[in-house]
Amino acid sequence: MAVRFAPSPTGYLHVGNARTAIINYLYGRAHAASFILRLDDTDTDRVSDEFIRAIEEDLAWLGIEWDRVEKQSERLGEYEEVFSRLREDGHVYPCFETPEELTLKRKTQLAAGKPPVYDRASLNLSDKEIAALKDAGRTAYWRFKLDGEPVTWVDEIHGDLKVETSSLSDPVLIRGDGRPLYLLSSVVDDMQMGITLIVRGEDHIANTAAQIQLFNAIGARAPRFGHHGLLTGPGGEPLSKRIGSIALRTLREQGVEPMALVSYLALIGTSDAIENKFSTTELLQDFYLSKISRTPSVFDVDILNRLNAKFLHDMPFSVARDRLADLGLPHIGEEFWIAIRPNLNSLKEVFDWWHIVHEPLDPLIDDAKFLERAADLLPESSWSGDTWKEWTKAISEASGRKGKDLFHPLRRALTARDQGPEMQRLLPLMGYDRAVGRLRGHKA
RNA sequence: GACCCCAUCGUCUAGCGGUUAGGACACGACCCUUUCAAGGUCGAGACACGGGUUCGAUUCCCGUUGGGGUCACCA
């Protein structure tokens, strides 16, 4: 048993890709199937090493581990071999239109209100005509001949699915320059790598029909297929329109916790509550393909951010320590973490609170007299966890203030912020000198 | 234009002929905390429309509308 995730290294991974990867990865682990990272890098014009590195990096960030990597660019011989067999068996035919001619054809068909399907003009060329075309300097590209019958399969997510191949163009297998195209390389790989299940977006449904016919033509057994609904933007519009903001690297730079994202992506479109899981193993406990719906689902960045915040609020220091070290903050201790944790939306905000507690800042002074009084009341030494409570009680008795009137000015003077972690925990971290300086209106 | 998929609270969804249409997130109120946040309790909130089938449709069928996808010498 084997599953695969097959991105094309022609761009950065986004949340839609990641969801497909996660589903396949989870399925693989749940069924002891190997998980192959297959790089569909045959389009040499668009592929770059940078994207390959980025894909591996992003996947690793998500905690997805692959058993092995396969590159299509290193398997050209395999495709060539299968193609010759297809050719001998008469499943493919040479075509001679230029790309421009094909584009023109499609335009005319569309203008006439007809489906832009290849008309098989090259299928009926005589040997003589072919020879003439070649003499004229034209090189052949090759199409796979669809049999025109409906293709049906039992989809792991949709149930019975049917596609009319008569409404599809015969897919191109080999380009004029000899390079293999997606349909061929993909089917050959899936066959030779023993892929047993392919889960991908439903934008591939038409491809699946053609691929099943190709598997049959080769004499191989097609794997099982599952097509999940696509993710959309908040208005139900295609996610591809906001590609920049949903790229994995963008989210990572914004301080999104990988497991918060993985949890969201693994759970969206299922009937399970969308909530944080702390490991992929935990996600595995309850993972079934049958839970994934056929409906397009809205991917909401607000939900991601909330999940992310919640993830941080619940993060124990033992986990946070490593994450903080990654950020270059190895000196942060447990008391500090516990104090600020409940107010974090992003791990990056740790920097802000670190500065507030440990570096001079300009206090926000609303009522200098009141704050001076408070400063006088602040004990110089023998602080404990109750110091804040005792101190504010003393201020309250001395000033008659309570509630918001009491606390808000103190918070603003001490932190220069309107809200934040519990002052009870923050004050001891700050220390007497800094606190008193700020209360008296000094930069401290 | 053709082919395909989809349609339940704002969002993710449960439902597989008879339910007070359930849950989670968000939202509102209250409680707690002598601030904010967190937490607790309660509440409001949905079957796209029109035809059938049936004693009975959210559920089955057809159509309409709406959304999405595909129709590359990209993947």
Side-chain angles (χ1 to χ4, degrees), chain A residues 6-11 40-43 45-47 72 95 97-99 102-103 106 109-118 139-143 150 155 157-158 161-169 171-183 185-186 200-209 227 229-232 234-238 264 267-275 291 293-300 302-303 306-307 309-310 313-314 341-345 389 392-393 396 401-412 417-424:
Chain A
S8 172
T10 54
D40 288 5
D41 59 348
T42 53
D43 187 358
D45 297 339
R46 299 163 62 217
V47 167
Q72 293 196 324
C95 303
E97 298 86 355
T98 63
L102 290 172
T103 309
R106 272 193 298 275
Q109 284 168 315
L110 243 15
K114 288 177 184 168
V117 172
Y118 180 61
T139 48
Y141 69 97
W142 295 78
R143 285 183 192 264
D155 193 270
I157 292 173
H158 280 272
L161 236 35
K162 182 176 98 168
V163 174
E164 299 287 344
T165 60
S166 57
S167 62
L168 265 33
S169 295
V172 177
L173 258 32
I174 302 284
R175 303 174 25 138
D177 62 9
R179 272 149 59 184
L181 246 23
Y182 172 70
L183 196 83
S185 52
S186 181
R200 64 213 316 196
E202 59 183 20
D203 50 336
H204 279 283
I205 287 179
N207 278 336
T208 296
H227 296 84
L230 265 17
L231 258 25
T232 73
E237 79 282 7
Y264 187 19
L267 263 12
I268 190 174
T270 72
S271 50
D272 292 331
I274 296 176
E275 60 187 12
K291 284 187 176 180
S293 82
R294 300 160 298 281
T295 322
S297 319
V298 174
F299 177 84
D300 187 343
D302 287 342
I303 292 180
R306 263 190 281 271
L307 242 23
K310 186 87 169 62
H313 300 168
D314 296 337
R341 179 173 75 166
N343 277 81
L344 261 22
N345 288 307
K389 222 171 197 164
T392 51
K393 192 173 176 206
S396 179
R401 295 196 190 201
K402 56 180 183 172
K404 192 168 184 171
D405 287 340
L406 170 65
F407 291 97
H408 206 234
L410 295 176
R411 173 180 290 284
R412 281 167 58 83
R417 296 283 187 103
D418 284 323
Q419 49 179 266
E422 279 186 43
M423 291 305 301
Q424 185 179 346

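Only this structure's heavy atoms are used, side chains among them; waters, hydrogens and symmetry mates stay out. Letters A, B, ... are given to chains in the order of the sequence lines, protein chains preceding strands, and every chain is numbered from 1.
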- Is A/M423 close to A/L410 at the side-chain level, that is, under 4.5 Å between some pair of heavy atoms? no
- Task: Check whether any side-chain heavy atom of A/R401 lies under 4.5 Å from a side-chain heavy atom of A/S396, and answer yes or no.
- Result: no
Identify whether any heavy atom of [X] sits under 4.0 Å from a base atom; if not, whether one sits that close to sugar-phosphate; answer base, sugar-phosphate or nothing.
X	result
A/R417	nothing
A/H227	nothing
A/K402	base
A/R294	sugar-phosphate
A/D418	nothing
A/K291	nothing
A/T103	nothing
A/G420	base
A/L181	sugar-phosphate
A/T42	sugar-phosphate
A/P99	base
A/D203	sugar-phosphate
A/L102	base
A/K393	base

- Task: Using the side-chain contact (heavy atoms from CB on, under 4.5 Å) rule, take A/Y118 and A/C95 through it: C-alpha gap first, then chi angles, then the decisive distance, then the call.
- Result: CA-CA 11 Å; A/Y118 180 61; A/C95 303; 3.7 Å; yes
- Taking atom types as modelled and ignoring hydrogens, do the side chains of A/S169 and A/R143 form a donor-acceptor contact shorter than 3.5 angstrom? no
- Message: The test is salt bridge (charged side-chain N to carboxylate O under 4.0 Å, His left out); show your working for A/R411 and A/D418 and say whether it passes.
- Response: CA-CA 7 Å; A/R411 173 180 290 284; A/D418 284 323; over 6 Å; no
Using atom names, set out every protein N or O paired with an N or O of nucleotides 19-27 of chain B below 3.5 Å, distance rounded to 0.1 Å.
none

How far does the [atom1] atom of [N] sit from the matching atom of [M], given to the nearest Å?
N	M	atom1	answer
B/G66	B/G28	P	34 Å
B/A44	B/C30	C1'	14 Å
B/G63	B/A7	C1'	15 Å
B/C73	B/A26	C1'	49 Å

- Which whole-number value in Å describes the distance from A/L161 CG to B/C3 P?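 Result: 16 Å.
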- Test A/Y182 against A/T42 for side-chain contact (heavy atoms from CB on, under 4.5 Å), laying out the working first. CA-CA 8 Å; A/Y182 172 70; A/T42 53; over 6 Å; no
- Starting at the 5' end of RNA chain B and moving along, which residue's nearest nucleotide shows up first, A/H313 or A/P180? A/H313
- Task: Report the residue (A/P342 or A/D40) whose heavy-atom-nearest nucleotide on RNA chain B is the more 5′ of the two.
- Result: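 By nearest-heavy-atom nucleotide position, the 5'-most residue is A/P342.
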Under a 3.5 Å cut-off for both distances, is [N] Watson-Crick or wobble paired, and to whom?
N	answer
B/C49	B/G63
B/C55	B/G18
B/A24	B/U11
B/U70	B/A2

What does the list of N/O pairs under 3.5 Å between the protein and nucleotides 57-67 of chain B look like, with a distance for each?
none

